[in-house]
A.B. asks: 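Before anything else, here's the structure in question.
Each ligand, and each atom within it, is numbered from 1 in the order the structure gives. Everything numeric in this text was worked out from a predicted model, so none of it was measured.
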Amino acid sequence: ERQEARPYNRQRLLVVANRLPVSAVRRGEDSWSLEISAGGLVSALLGVKEFEARWIGWAGVNVPDEVGQKALSKALAEKRCIPVFLDEEIVHQYYNGYCNNILWPLFHYLGLPQEDRLATTRSFQSQFAAYKKANQMFADVVNEHYEEGDVVWCHDYHLMFLPKCLKEYNSKMKVGWFLHTPFPSSEIHRTLPSRSELLRSVLAADLVGFHTYDYARHFVSACTRILGLEGTPEGVEDQGRLTRVAAFPIGIDSERFIRALEVPDVIQHMKELKERFAGRKVMLGVDRLDMIKGIPQKILAFEKFLEENASWRDKVVLLQIAVPTRTDVPEYQKLTSQVHEIVGRINGRFGTLTAVPIHHLDRSLDFYALCALYAVTDVALVTSLRDGMNLVSYEFVACQEAKKGVLILSEFAGAAQSLGAGAILVNPWNITEVAASIGQALNMTAEEREKRHRHNFHHVKTHTAQEWAETFVSELNDTVIEAQLRISK
Ligand code: ADQ
């Protein structure tokens with residue numbers, strides 16, 4: 001029997017991600033205030049008119065009491081959000097533990113945690129159990145809200161177990177899964193104790209998506225080498241059932257950035273920044289403070305550049321804006337103090353009474369301040385050691401129509417595949433090379449800057465977040481239709 005599809009323009013999309021795109025603050029026993037965080041994914045999906053998106057995820061707060069849970073669910077419903085309630089212990093084991101301490105570093109080639117072996121094994125098992133339990137809790141909520149004809153789009157490494165749980169509830173549910181991080185070489189993935197179970201549960205989805213063709217290829221290799229399944233150009237086949245695997249490079253809502261540059265507040269802010277740094281070239285880094293972003297390497301390369309180019313010392317400034325994340329994790333605290341120490345040393349070494357070479361801010365900037373900063377920058381430095389895509393590089397390009405600044409970009413960011421022709425690509429581990437590329441960027445002729453910028457700007461403008469979401473969902477719809485056709489034949 002065939003399911004009657006809803007008219008395409010009213011199709012409901014259930015977007016399942018670890019975090020809901022809101023921050024919730026409790027104001028009283030049964031009252032909450034909510035703020036929508038306008039991240040990339042939110043604006044991507046808001047821009048898509050063909051379907052009506054609902055969000056399912058954790059609200060980021062512990063709500064142990066029923067009164068609070070009911071009130072929060074009601075408030076969230078107005079924003080088309082549906083909460084999954086996770087208690088503190090689960091969050092600790094699933095989110096801090098398995099997601100952030102095991103999968104995140106592993107997928108970025110930093111390996112598994114190296115502590116005492118026995119302790120690791122014990123905690124690994126309980127963290128994996130919590131991971132599966134949390135994914136099952138997400139599945140319960142999805143299943144409760146699912147209506148025939150909906151499509152379900154699961155996001156990221158937090159929810160690799162979800163496709164299997166959902167298909168167990170309802171094998172006809174259209175399920176897609178997209179990974180925002182890299183998928184590493186199969187040789188890295190095979191070190192993970194739960195390697196097979198995770199691959200199998202992802203394969204339960206109808207469509208599996210990655211940012212780049214390389215990540216998709218790594219995933220298919222992991223399935224062939226670890227599970228012994230057959231890889232085809234379309235995806236992975238298991239006993240006649242095909243899971244489609246493909247690349248869907250994300251983009252940004254470029255018009256939002258371009259429009260922002262015409263807002264009076266932004267223009268005013270740009271003017272202030274230009275006055276503040278008059279006579280100096282502005283270099284910019286914007287990252288979450290995470291080991292994968294290669295922040296210490298970037299700052300050391302800047303130091304080397306100053307060391308070797310005395311004439312530039314009072315003519316260039318590096319603004320490094322790093323939002324602290326996962327601040328309760330010791331490795332992240334260590335990284336923060338490491339960065340502070342290097343910045344302090346360099347400013348002590350090359351600073352003068354009136355100016356320092358590095359301004360380092362440990363905080364997030366609001367959207368308009370960020371746009372102004374992107375627009376006045378001469379050279380942006382994105383030196384991730386690994387990065388699924390890296391949207392900062394896209395945002396910078398979107399704000400550079402007037403200035404046509406230079407992007408120095410790590411070859412280990414997914415964005416290197418799309419912005420590589422316009423950027424100066426570097427190996428972020430090679431400090432000498434990055435230092436030399438800073439010189440190349442600062443000395444580049446206007447003609448060459450223009451040519452490189454034009455290439456990148458065209459890409460950023462045409463490959464938007466909206467197009468990304470539309471492509472993924474329409475392909476997800478198609479795969480299911482194909483599978484149904486196969487069954488009905
Ligand atoms: P992230 O690792 O968070 O995302 P990125 O893609 O660069 O990395 O996105 C960061 C976002 O946060 C950008 O929109 C940026 O503007 C914002 N941001 C960063 N620092 C900020 C600051 N100091 N102030 C204000 N805003 C700041 C993950 C993957 C990426 C992948 C995305 C999307 O790690 O590789 O590109 O998901 O799939």
Side-chain angles (χ1 to χ4, degrees), residues 15 17-19 21 37-45 99-100 103-110 153-159 177-184 209-212 214-215 247-254 256-257 260 269 284-295 298 319-327 332 336 339 359-375 377 380-399 407 409-419 428 460 463-465 468-469 472:
V15 180
N18 174 59
R19 272 302 300 271
S37 37
L41 204 57
V42 180
S43 41
L45 295 167
C99 291
N100 289 341
L103 292 180
W104 175 266
L106 187 74
F107 283 6
H108 292 91
Y109 292 77
L110 298 172
W153 189 1
C154 312
H155 287 266
D156 232 359
Y157 61 98
H158 312 88
L159 300 176
W177 179 79
F178 183 84
L179 184 65
H180 290 263
T181 69
F183 192 88
F210 300 92
H211 282 309
T212 71
D214 286 335
Y215 306 157
F248 299 89
I250 201 170
I252 60 167
D253 180 356
S254 43
R256 181 167 170 249
F257 286 84
H269 198 64
L284 177 69
V286 175
D287 309 89
R288 278 187 309 101
L289 195 84
D290 194 295
M291 14 284 193
I292 69 149
K293 302 293 181 182
I295 300 169
K298 164 168 26 185
L319 312 178
Q320 174 62 45
I321 321 292
V323 209
T325 45
R326 304 174 195 170
T327 43
Y332 285 75
T336 310
V339 169
H359 290 252
H360 174 88
L361 301 185
D362 275 337
R363 63 185 185 90
S364 132
L365 291 182
D366 68 41
F367 179 63
Y368 284 163
L370 190 62
C371 291
L373 209 45
Y374 281 140
T377 294
L381 262 173
V382 175
T383 56
S384 310
L385 306 178
R386 293 278 166 184
D387 215 333
M389 178 59 86
N390 188 280
L391 296 180
V392 166
S393 54
Y394 277 58
E395 294 167 0
F396 165 71
V397 169
C399 293
L407 172 64
L409 177 61
S410 165
E411 60 189 67
F412 302 117
Q417 316 258 328
S418 43
L419 305 182
V460 168
H463 295 78
T464 61
W468 165 77
F472 187 92

A.B. asks: Please tabulate, one pair per line, all N/O donor-acceptor pairs under 3.5 Å involving side-chain atoms of residues 381-388, not counting sequence neighbours.
C.D. replies:
residue	atom	partner	partner atom	Å
Thr383	OG1	Gly294	O	3.1
Ser384	OG	Asp387	OD2	2.7
Asp387	OD1	Lys293	NZ	3.3
Asp387	OD2	Lys293	NZ	3.0
Asp387	OD2	Asn390	ND2	2.9

A.B. asks: Using the side chain to side chain contact (heavy atoms under 4.5 Å, CB included) criterion, which residues pair with Ala322? Sequence neighbours excluded.
C.D. replies: Leu289, Ile295, Gln320, His360

A.B. asks: Considering both backbone and side-chain atoms of Met389, is one of its nitrogen or oxygen atoms within less than 3.5 Å of a nitrogen or oxygen in ligand 1?
C.D. replies: yes

A.B. asks: Please report the interatomic distance OG1(Thr181) to CH2(Trp104), rounded to the nearest 0.5 Å.
C.D. replies: 7.0 Å

A.B. asks: For ligand 1, which atoms have a heavy atom of Val392 less than 4.0 angstrom away?
C.D. replies: 7 (O), 15 (C)

A.B. asks: If you measure only the distance, is there a donor-acceptor pair under 3.5 Å linking the side chains of Tyr394 and Ser418?
C.D. replies: yes

A.B. asks: Show your working on side chain to side chain contact (heavy atoms under 4.5 Å, CB included) between Phe210 and Phe248 and close with a plain yes or no.
C.D. replies: CA-CA 6 Å; Phe210 300 92; Phe248 299 89; over 6 Å; no

A.B. asks: Step through it carefully: locate the ring centre of Phe107, locate the ring centre of Phe183, and say whether they are under 6.0 Å apart.
C.D. replies: yes

A.B. asks: Out of Thr325, Asn390, Leu391, Thr181, whose heavy atom is nearest to atom 9 (O) of ligand 1?
C.D. replies: Leu391

A.B. asks: With respect to His108, determine whether any N or O atom, backbone or side chain, lies less than 3.5 Å from an N or O atom of ligand 1.
C.D. replies: no

A.B. asks: Does the separation of the ring centres of Trp468 and Phe178 fall below 6.0 angstrom?
C.D. replies: yes

A.B. asks: If you count the atoms of ligand 1 from 1 in the order shown, which ones are under 4.0 Å from a heavy atom of Gly388?
C.D. replies: 35 (O)

A.B. asks: Can you sort out which atoms of ligand 1 are near Asp287, meaning under 4.0 Å from one of its heavy atoms?
C.D. replies: 20 (N)

A.B. asks: N/O of Trp104 under 3.5 Å from N/O of ligand 1, yes or no?
C.D. replies: no

A.B. asks: Heavy atoms only, cut-off 4.0 Å: how does Arg363 contact ligand 1, side chain, backbone, both, or neither?
C.D. replies: backbone

A.B. asks: Has ligand 1 got any nitrogen or oxygen that is less than 3.5 angstrom from a nitrogen or oxygen of Ile292?
C.D. replies: no

A.B. asks: Pick whichever of His211, Arg288, Gln320, Arg386 has a heavy atom sitting closest to atom 2 (O) of ligand 1.
C.D. replies: Arg288

A.B. asks: Examine Arg288 relative to Tyr332 and say whether NZ or CZ is less than 6.0 Å from the centre of the six-membered ring and inside a 45° cone about the ring axis.
C.D. replies: no

A.B. asks: So is Ala322 polar-close to ligand 1, meaning N/O to N/O under 3.5 Å?
C.D. replies: no

A.B. asks: N/O of Leu370 under 3.5 Å from N/O of ligand 1, yes or no?
C.D. replies: no

